[in-house]
Amino acid sequence: MRYHNITSDDMLNGDGLRVVLWVAGCNHCCKGCHNPVTWDPDGGLLFDNRAKQEIFAELDKSYISGITFSGGDPLHAANRLDVRGLMAEIREKYQGKTIWLYTGDSWENIYHYPIMKYIDVLVDGEFHEAEKDAKLLWKGSANQRVIDVQRTLVQKDPSVPVLHCGNYEQEYTLTAKPGNLRGCCD
């Protein structure tokens, strides 16, 4: 796996303050993407032990709510296995932290992936420039969904996503805490 950046104290890519891993590789290549430099799976830097330790150092901080995987696309074939392995390690070591993932894939096509057991919240769907709205909460275009993965997976029909929250910030109440996914829809 390759990556472009690790950001800390991020407030834009999930509940609370987060560390974000921006991976390399995306086949969606959405028109108007805010991060096209991450499309090339051979771009960026090799994800090594030093990068992993940088993420762990951020997750060690009590005020960090969790990690967000973005890019690029963490579910790109070049990333999926390494991302899943890192998530498994994070889930074991940081049980009170949440894991978010952004992907251009739709929930209906990926909900059966084994990696889903590690993800708390998934933002799905390609970015549609025509549906862009800067006021949307945790997503760039109205077609995308912010999905509560674990609540969705325990339903009778897991192909129908349970939303973690609605579209706009005014719908959000500040009840989300590490290990507690109560958010704007609860």
Side-chain angles (χ1 to χ4, degrees), residues 1-7 10 12-15 18-44 47 51 55 65-91 97-133 136-155 157-167 181 183 185:
M1 174 173 69
R2 300 184 69 79
Y3 75 105
H4 281 272
N5 198 11
I6 297 169
T7 55
D10 183 286
L12 301 175
N13 295 285
D15 285 325
R18 311 187 68 73
V19 59
V20 181
L21 174 62
W22 304 89
V23 299
C26 184
N27 291 331
H28 302 286
C29 304
C30 302
K31 181 180 178 187
C33 173
H34 75 282
N35 215 358
V37 69
T38 64
W39 293 354
D40 181 1
D42 296 320
F47 187 81
I55 289 171
S65 299
I67 185 168
T68 299
F69 291 84
S70 193
D73 191 340
L75 297 183
H76 183 280
N79 300 321
R80 196 175 309 138
L81 290 177
D82 289 329
V83 166
R84 186 175 76 186
L86 182 57
M87 283 182 179
E89 196 170 346
I90 290 168
R91 180 62 72 213
K97 308 284 182 170
T98 58
I99 296 175
W100 283 52
L101 184 138
Y102 283 78
T103 181
D105 291 316
S106 69
W107 174 257
E108 293 78 7
N109 294 329
I110 60 173
Y111 73 89
H112 63 280
Y113 285 9
I115 195 172
M116 293 304 154
K117 70 181 178 181
Y118 301 112
I119 301 170
D120 296 300
V121 178
L122 180 131
V123 181
D124 81 331
E126 292 184 352
F127 171 74
H128 292 166
E129 193 168 39
E131 296 181 75
K132 179 179 178 177
D133 183 344
L136 293 170
L137 186 58
W138 297 317
K139 58 185 184 173
S141 59
N143 64 295
Q144 296 172 313
R145 298 171 291 186
V146 182
I147 299 167
D148 184 323
V149 174
Q150 298 311 308
R151 283 179 52 196
T152 301
L153 291 176
V154 298
Q155 294 185 118
D157 182 1
S159 70
V160 178
V162 173
L163 296 182
H164 175 65
C165 67
N167 284 336
L181 284 179
C185 292

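None of these values were measured; they are calculated from a predicted model.
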Working for side-chain contact (heavy atoms from CB on, under 4.5 Å), residues L136 and E131: CA-CA 10 Å; L136 293 170; E131 296 181 75; over 6 Å; no
Should [X] and [Y] count as side-chain neighbours, where that means a heavy-atom distance under 4.5 Å?
X	Y	value
V121	W138	no
I147	Y111	no
K132	F127	yes
D105	H28	yes
D73	N27	no
M87	L101	yes

Once rounded to the nearest 0.5 Å, what's the spacing between atom [atom1] of [X] and atom [atom2] of [Y]?
X	Y	atom1	atom2	result
L86	R91	CG	CZ	11.5 Å
I55	F69	CD1	CZ	6.5 Å
S65	I99	OG	CD1	13.0 Å
H4	W22	NE2	CH2	11.5 Å
L137	L12	CG	CG	10.5 Å
T103	I110	OG1	CD1	5.0 Å

Side chain to side chain contact (heavy atoms under 4.5 Å, CB included) partner of W100, chosen from D15, N13, I119: D15
At their closest point, which heavy atom of [X] faces which heavy atom of [Y], and how far apart are they?
X	Y	answer
S159	W107	O-CD1, 3.5 Å
N79	M1	OD1-CG, 3.5 Å
T152	V160	CG2-O, 3.5 Å
D124	E108	OD2-OE1, 4.5 Å
Q150	K117	NE2-O, 3.6 Å
T38	V23	CB-O, 3.6 Å

Working for salt bridge (Lys or Arg N to Asp or Glu O under 4.0 Å), residues R2 and D82: CA-CA 10 Å; R2 300 184 69 79; D82 289 329; over 6 Å; no
Lys/Arg N to Asp/Glu carboxylate O, R18 vs D10, below 4.0 Å: no
Steps toward side-chain contact (heavy atoms from CB on, under 4.5 Å) verdict (K97, I67): CA-CA 7 Å; K97 308 284 182 170; I67 185 168; over 6 Å; no
N/O donor-acceptor pair under 3.5 Å between H76 side chain and A78 backbone: yes
